[in-house]
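Heads up, the thing below is written out as structure tokens.
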Amino acid sequence: MNTKCDRAAWLKGPAFKCNVQPAPAKRSYRLVLLGAPGVGKGTQAELLSQQLGACHLSTGDIFRAAKSLTPAERSPAMTAALDFMKRGDLVPDTTVLDIVRERVECLRCPGGFLLDGFPRTAAQAEALEQILTTEKIKLDAVLSYELPIEEIVTRLSGRRTCTKCKAVFHITALPPKQTGICDKCGGPLIQREDDRPESVRVRMQVYEQSTAPLAQFYRQRRLLASVAATGTPEEIVARTLQTLQARG
Ligand code: AMP
């Protein structure tokens, strides 16, 4: 039986209910994951989701899910958002915040949540703080994954993603058994449009300008916990769990 939360309400919007809810946990965690693109946040969010039971809520996944809709099925705001995304630019705050506010039910989920890729600007962080205050929801921590920039560029340019099941490989660090084919479902592997060198450059600049300052925002609120993102994904998740334990 599949026990992994299917995130239908997050990926498709409030008209959809999750068929599989997070399993009841002794303690539910409400976390924000910060870190430059390519630092491995998405992988960590998946592993943490398995360990903690909370759903992995990625705003990037919402936009990628919208890509598979026909243009007629997409709202004009979503069509515009996908153009920003393709270029490696940030989607405007108003669009992102509309999308998150529509999905507030996911923030109320008793299983907790792992926010990945949101907030990404000071305005988004302030808006999230307001939403959480109104909803009387407390963040447990903001995990900031740290890695030297040269390693990030190598990771991003070699990343390959399955078009069907979204599994992530790397041409040297985690190659699939057969080049271009997903080990998990046999689907074709592609380089995400925003992992191409020209988009990666834009994403790194945007990160430095807009998202890096969020560390200070959360440090001031005593929520920031830095985690070294070196080593294998399993080593990093073990380090993350230790960090959470140490915070109590
Ligand atoms: P990610 O998978 O988190 O790297 O997101 C992929 C792309 O989606 C980003 O490069 C942005 O274009 C867009 N995106 C995702 N989340 C946000 C956000 N919170 N604010 C603005 N743009 C976002």
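These numbers come from the heavy atoms of this one structure, side chains and all, not from hydrogens, waters or symmetry mates. Order of listing sets the numbers, starting from 1, for every ligand and every atom in it.
- Clustering of Ile, Leu, Val, Met, Phe, Trp and Tyr side chains at separations under 4.5 Å places Val202 together with Leu90, Val206.
- Ligand 1 places these atoms under 4.0 Å from at least one heavy atom of Asp89: 11 (C), 12 (O).
- No donor-acceptor distance shorter than 3.5 angstrom exists from the side chain of Glu235 to the backbone of Thr230, with no hydrogens or angles considered.
- Heavy-atom proximity to Gln124, at under 4.0 Å, picks out these atoms of ligand 1: 18 (C), 19 (N), 20 (N), 21 (C).
- Taking the charged nitrogens against the carboxylate oxygens, Lys166 and Glu46 have no contact shorter than 4.0 Å, which rules out a salt bridge.
- Summary of contacts: the protein heavy atom closest to atom 7 (C) of ligand 1 is Met85 CG, 3.6 Å.
- Residues Leu189 make up the rest of the hydrophobic cluster containing Phe169, defined by ILVMFWY side-chain heavy atoms closer than 4.5 Å, directly or through other members.
- Not a single donor-acceptor pair under 3.5 Å links the side chain of Ser68 to the backbone N or O of Arg64.
- By the 4.0 Å heavy-atom criterion, Arg192 is counted among the residues contacting ligand 1.
- Using a 4.0 Å cutoff on heavy atoms, Arg64 counts as a contact of ligand 1.
- Nearest protein heavy-atom contact of atom 4 (O) of ligand 1 is Arg120 NH2, 3.1 Å.
- Scanning the protein for heavy atoms near atom 14 (N) of ligand 1, the closest one is Phe63 CE1, 3.7 Å.
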